[in-house]
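Note sheet for the following structure.
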Number of protein chains: 2
Amino acid sequence: MDELFKYFDEFYSLNGESREAIEGICSEIQVSKNELLQPFGHTCKTIYYIKSGIARIFYYKDGVDITEYFAFENNIVARVESLFTGKPSKKAIQILEESQIVAIQVPGLFRLYDRFPQIERLFRLIFEAGYVETVNRMESLQFHSAEERYLDLLKKPDIIQRIPLKHIASYLGITQVSLSRIRSTLK
Amino acid sequence: MDELFKYFDEFYSLNGESREAIEGICSEIQVSKNELLQPFGHTCKTIYYIKSGIARIFYYKDGVDITEYFAFENNIVARVESLFTGKPSKKAIQILEESQIVAIQVPGLFRLYDRFPQIERLFRLIFEAGYVETVNRMESLQFHSAEERYLDLLKKPDIIQRIPLKHIASYLGITQVSLSRIRSTLK
DNA sequence: GAGTTCCTTTAACAATTGTTAAATTGTCAT
DNA sequence: ATGACAATTTAACAATTGTTAAAGGAACTC
């Protein structure tokens with residue numbers, strides 16, 4: 001659990017009492033490759049902290065598997081469009097590499113917001129950072145070419161080195177074939 | 001100011017003390033068409049509530065004017081990628097229709113977060129809703145065709161009826177010419 | 001209301017990306 | 001190692017979107 005609180009410290013440092021409260025709604029799990037951490041069609045009731053490994057959020061559009069997000073070690077992953085609306089999500093979370101994960105119960109967390117303003121602030125700051133990341137990604141999808149987006153991605157070695165190209169393609173908003181073509185012209 | 005608190009009530013109802021505190025960091029302004037509410041290159045130090053009128057967030061990519069977001073009456077607008085990072089924004093906010101606006105000072109707001117957990121909660125909820133909206137928009141840009149995105153937009157009559165097509169085009173991530181072509185095939 | 005400017009459409013052509021299918025390469029279990 | 005399966009590349013063609021330029025319409029100023 002130490003890693004989790006170190007991660008929290010990057011945003012906001014909790015006092016001892018708040019930490020204990022958080023520990024009460026957390027559990028550690030190990031998940032193996034290709035397993036679904038969260039299935040389709042269910043409301044997001046758990047936030048995950050990836051201690052080690054990789055997860056992705058994905059869904060199907062017209063039968064095609066589309067990756068919306070990758071989460072590597074030392075990061076939080078959650079389907080926010082369900083978490084913040086309470087509605088069922090059409091997205092699932094899948095593990096891409098055997099992972100050590102801390103599961104944080106959402107109903108418990110929301111109750112802690114009332115008792116510990118520190119915890120509410122911490123998660124506010126965490127999700128604000130996620131919001132900024134999403135705005136930047138939206139911007140790149142709005143008016144950058146597929147090649148520009150791929151070149152940007154090369155700056156994130158984790159994704160390039162550890163993720164199959166088929167998932168990278170859909171993450172970039174293009175087909176595998178198109179990505180393969182772009183890669184070949186860059187050689 | 002009544003409208004503002006009515007808007008807040010949709011997310012979280014503040015008590016009297018919190019309302020007074022908010023009023024202390026707000027001022028009402030009238031802004032005329034085409035004026036810049038916020039210039040390029042400055043850090044976001046103000047959040048705006050649109051009482052009446054329309055605003056848009058935009059920026060230039062390779063010299064081309066791109067609209068990232070429209071805000072109509074009874075909505076909040078802010079450049080979150082600057083607001084939440086403290087970094088200067090390369091985006092500006094422009095008024096598209098003469099507007100009545102409530103300007104909320106950001107440094108003051110952040111100070112109120114410490115004194116009034118209610119206020120921190122309110123804005124947490126407001127920006128969580130914005131986050132969800134952005135995730136949904138990203139999804140539509142990632143794997144929907146331009147025509148699908150335009151058809152989706154037709155469901156938002158405010159945008160179609162009150163915004164010039166050139167701004168709608170860049171908002172959809174396409175050129176004016178392409179949008180015009182899509183419109184003509186739909187007739 | 002004449003003239004100017006801006007917005008939108010249309011057309012022709014270029015570039016990019018999608019689609020389908022086949023070939024190649026890589027991975028994994030036995 | 002062998003076979004089976006998954007991932008990636010390549011190729012040919014189709015569809016979509018971008019680019020440039022010109023023309024028509026709408027809105028605004030004086």
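So you know, we letter chains A, B, ... as the sequences are listed, proteins then strands, and number each from 1. Given the structure is predicted, the values throughout are model-derived calculations rather than measurements.
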- Item | Note, L122(A) side chain near L14(A) side chain (heavy atom, < 4.5 Å) | yes

- Item | S82(B) side-chain N/O to C44(B) backbone N/O, donor-acceptor pair under 3.5 Å | yes

- Separation of L186(B) atom CG from dT10(C) atom C1', in whole Å? 16 Å

- Message: Restricting to ring pair (Phe, Tyr, Trp, His ring centres under 6.0 Å), what partner residues turn up for Y131(A), sequence neighbours left out?
- Response: Y131(B)

- Message: Taking L172(B)'s backbone N and O only, do any of them form a donor-acceptor pair with R149(B)'s side chain (distance below 3.5 Å, no angle check)?
- Response: yes

- Should the pair E23(A)-R19(A) be classified as a salt bridge under the 4.0 Å nitrogen-to-oxygen rule? no

- Item | Full working for side-chain contact (heavy atoms from CB on, under 4.5 Å) between L96(A) and K33(A) | CA-CA 5 Å; L96(A) 295 181; K33(A) 186 170 171 174; 6.0 Å; no

Quick test: give all pairs of protein nitrogen or oxygen and nucleotides 6-8 of chain C nitrogen or oxygen below 3.5 Å, distance rounded to 0.1 Å.
residue	atom	partner	partner atom	Å
dC7(C)	OP1	K166(B)	NZ	2.6
dC7(C)	OP2	K166(B)	NZ	2.7
dT8(C)	OP1	L165(B)	N	2.9
dT8(C)	OP2	L165(B)	N	3.1
dT8(C)	OP2	K166(B)	N	3.0

- Query: Step by step, would you call V106(A) with L83(A) a side-chain contact (heavy atoms from CB on, under 4.5 Å)?
  - Reply: CA-CA 8 Å; V106(A) 167; L83(A) 175 65; 3.6 Å; yes

- Query: Where along residues 60-71 of chain B does a heavy atom come under 4.0 Å from DNA chain D, residue by residue in number order?
  - Reply: none

- Task: Check the side chains of R121(A) and Y113(B) for a donor-acceptor pair under 3.5 angstrom, ignoring hydrogens and angles.
- Result: no

- Task: Step by step, work out the side-chain contact (heavy atoms from CB on, under 4.5 Å) result for K87(B) and T43(B).
- Result: CA-CA 6 Å; K87(B) 292 181 192 161; T43(B) 299; 5.8 Å; no

- When rounded to whole Å, the CG to C1' distance for the pair L96(A) and dA6(D) reads 15 Å

Produce the list of close N/O pairs, under 3.5 Å, pairing protein atoms with atoms of nucleotides 16-19 of chain C; give distances to one decimal.
residue	atom	partner	partner atom	Å
dT17(C)	OP1	A146(A)	N	2.9
dG18(C)	OP2	T175(A)	N	3.3
dG18(C)	OP2	T175(A)	OG1	3.4
dG18(C)	OP2	S178(A)	OG	3.2
dG18(C)	N7	R181(A)	NH2	2.9
dG18(C)	O6	R181(A)	NH1	2.8

- What do the steps show when you test E68(B) against R79(B) for salt bridge (charged side-chain N to carboxylate O under 4.0 Å, His left out), and what is the final call? CA-CA 10 Å; E68(B) 181 170 282; R79(B) 296 163 303 170; over 6 Å; no

- Message: Any side-chain to backbone donor/acceptor pair from S170(A) onto T67(A)? Under 3.5 Å, distance only.
- Response: yes

- Item | NZ/NE/NH1/NH2 to OD/OE distance under 4.0 Å, R111(A) and D114(A) | no

- Message: Rounding to 10°, can you tell me the angle the first-five-pair axis of the helix from dG1(C)-dC30(D) to dT30(C)-dA1(D) makes with its last-five-pair axis?
- Response: 50°

- Message: Applying ring pair (Phe, Tyr, Trp, His ring centres under 6.0 Å) as the test, list every pair that has at least one member in residues 13-58 of chain B; sequence neighbours left out.
- Response: Y7(B)-Y49(B), F40(B)-F58(B), F40(B)-Y60(B), F58(B)-Y60(B)

